[in-house]
Amino acid sequence: MYLIMDEQEEKHDQPWPSYHIETPRRLESTGLYSDSRIHHLPRREATLDEIESVHTKRYVQDVKSTETMTVVQQEQFCTNYEDIYVNSATWRRAKLAAASAIDLAIECATHKKPGIAFVRPPGHHAMPDEGCGFCIFNNVAIAAKQAIKRGVAKRVLIVDYDVHAANGTQECIEGEEGIQLISIHRYEHGKFWPNMPQTGIYHKYKNTMNLPLNATGMSDREYFALFSHIILPVAYSYRPDLILVSSGFDASIGDPEGYMNVTPSGFATMIRKLMDTGVPVAAILEGGYFLDALAADSEYVVRAMLGEAVPKSVELSLRPHPLVAETISRIYQRYQNSFPFFRKVQELRELLLETKFDTRTEQTTDYTGERVVCAPYDTRGIYTPLSDEKVDEFRKELAEILNEDKLKKLENFDEKMAKPLEFSTGTPTNCLKYDDDLEKIVFGDGNAVRLFATLLFRLPFDPLFALGHIPDTIPNFQDIQLHDSLKEIRKDIKFFCLAFWVMPTIF
């Protein structure tokens with residue numbers, strides 16, 4: 001695997017006195033990596049042409065001008081942009097971060113290996129003409145465009161699991177042929193920052209699919225459900241040549257921004273599932289502000305990229321949060337005409353419930369928030385540190401999780417729960433049906449029906465099950481035949497509960 005580490009010879013840091021969560025200590029806490037299996041890539045500064053493939057000349061020159069400003073001038077400069085800071089090192093560090101993302105993407109795509117860049121400042125909130133939310137240049141958007149420009153990829157999929165919406169990336173890639181973004185983020189119907197309607201499900205941006213989380217406390221279980229029901233089906237249909245990950249770790253346990261509960265093995269599992277597609281995966285650090293969790297999350301992701309076993313993370317027999325089920329259902333409805341997998345799941349739901357679902361793909365809004373901030377933006381007093389007692393509480397919880405991981409069996413497959421799914425030589429090629437005698441769902445040998453059944457009925461209980469590489473042709477999900485015998489699932493309470501979990505939006 002490849003790794004780029006910002007050595008922070010000069011530190012991008014807030015030069016005026018006020019507490020801030022995005023600090024140089026975020027990279028100091030990782031302690032990475034001397035493993036001989038890791039190939040460390042050299043660093044360089046991005047050229048103006050590379051940066052201006054995403055950002056306007058005006059904005060780039062504005063950032064450059066901060067290099068020679070006084071601290072008073074730098075703080076005044078930052079009142080023009082929402083929640084950023086700059087110092088005399090920012091211009092160079094931002095160019096190093098952007099080039100690191102580019103070079104990592106190029107190397108991963110060229111040599112078909114995974115990699116990660118631990119860089120600052122982060123990037124996914126930066127828009128074409130303005131910085132935002134700690135971000136100066138949009139590293140992942142620049143990398144995606146350069147990968148396509150240099151011919152190492154024709155299609156790039158960006159997966160962003162940072163707890164904040166990828167509003168900047170959404171703006172930067174809109175209208176770009178060959179780039180698709182999927183963003184999982186805390187939303188709360190628009191009441192969580194950045195409080196933008198465009199970060200919900202219903203918006204005008206054709207290159208972006210948002211998977212909003214409308215409550216806090218979401219765990220590995222909910223993230224895995226979004227991967228198996230949405231992200232992986234999209235990947236197998238989109239067939240990218242490169243997957244870029246905006247790898248923010250602020251959805252982790254203890255993070256002061258996210259209030260989510262994703263574990264280190266949860267992040268590692270998500271990376272492993274993307275790697276299992278056979279597509280090169282290049283991850284770029286975004287957020288993550290509980291330093292203990294950031295260090296653990298980073299190490300687990302690197303170990304997953306090295307091919308090491310990932311420990312089982314959660315009790316997967318429990319149903320995901322109902323608000324995630326609602327998000328999945330809305331995504332199926334919104335994009336059913338774009339992705340045959342979603343349309344086929346809709347047909348399965350109609351078969352089981354003997355009812356028709358709404359075929360409209362548009363809805364006015366899922367936004368009930370309000371965006372009230374505007375320039376001049378505040379530069380002080382925005383963040384308050386957690387109490388020492390609260391930090392100690394989170395450290396104890398994280399330590400318990402890490403200790404449990406050492407004791408767990410590395411095999412993650414729940415054979416009992418997945419037992420009702422089976423390939424059958426006597427079943428027509430593209431058919432999915434229920435065998436009453438075997439008390440199992442059986443399917444034929446068609447690639448599409450096998451993938452469909454595995455995504456719905458095995459992967460939720462075995463997230464580390466390898467689906468196999470993305471084929472050269474798009475799976476013909478529309479050709480899958482759903483046999484009427486599937487209605488019998490409703491008569492078997494054990495099987496009914498299984499379906500209740502794996503397709504939480506059905507019942």
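If you read the sequence from its start, that first residue is 1, and numbering goes on from there. Hydrogens, waters and symmetry mates are skipped; everything else that's a heavy atom, side chains included, is used.
Checked against the 6.0 Å centroid threshold, F267 and F249 count as a close aromatic pair. For F342 and F339, the ring centers are positioned less than 6.0 Å apart. Not less than 6.0 angstrom separates the ring centroid of Y383 from the ring centroid of Y19. For Y2 and H40, the ring centers sit 6.0 Å or farther from each other. For H55 and F137, the gap between ring centers is short of 6.0 Å. Taking the ring centroids of Y289 and F134, they lie under the 6.0 Å cut-off. Checked against the 6.0 Å centroid criterion, the rings of Y81 and Y59 qualify as a close aromatic pair.
In terms of modelled atom types and a separation under 3.5 Å, the side chain of R155 and the main chain of R239 share a donor-acceptor contact. D220 places no side-chain N or O within 3.5 Å of a backbone atom of S265 that could act as its donor or acceptor partner. T327 contributes a side-chain N or O that, together with a main-chain N or O of L323, makes up a donor-acceptor pair within less than 3.5 Å. The closest donor-acceptor contact from the side chain of R58 to the backbone of D129 lies under 3.5 Å.
When every heavy atom of D250 is checked against every heavy atom of G287, the shortest pair comes out as OD2-CA, 3.9 Å. Of all non-hydrogen atoms in T365 and Y202, the two that sit nearest each other are C-CD1, 4.1 Å.
Between R395 and D292 there is a salt bridge, since at least one side-chain N of the basic residue sits less than 4.0 Å from a carboxylate O of the acidic one. Salt bridge status for E45 with R92: present, with a side-chain N to carboxylate O gap under 4.0 Å.
For the 3.5 Å distance criterion, the side chains of Y161 and E286 fail to qualify, holding no donor opposite an acceptor. No hydrogens or angles considered: nothing links the side chains of D162 and H185 as a donor-acceptor pair under 3.5 Å. The closest side-chain donor-acceptor pair between R343 and Q346, if any, does not fall under 3.5 angstrom.
The residue from M209, M196, H203 that alone fulfils the side chain to side chain contact (heavy atoms under 4.5 Å, CB included) condition with Q170 is H203.
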Contacts table for residues 108-118: side-chain donor-acceptor under 3.5 angstrom, sequence neighbours left out:
{"from": "T110", "atom 1": "OG1", "to": "I106", "atom 2": "O", "distance (Å)": "2.6"}
{"from": "H111", "atom 1": "NE2", "to": "E107", "atom 2": "OE1", "distance (Å)": "3.3"}
{"from": "K112", "atom 1": "NZ", "to": "A109", "atom 2": "O", "distance (Å)": "3.3"}

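Side-chain atoms of P240 and V156, non-hydrogen and from C-beta on, never get closer than 4.5 Å to each other.
Under the rule for a side-chain contact (heavy atoms from CB on, under 4.5 Å), H469 has no partner lying at least two apart in sequence or in another chain.
Geometrically, K390 engages F394 in a cation-pi contact, judged by NZ or CZ lying under 6.0 Å from the ring centre and within 45° of the ring axis.
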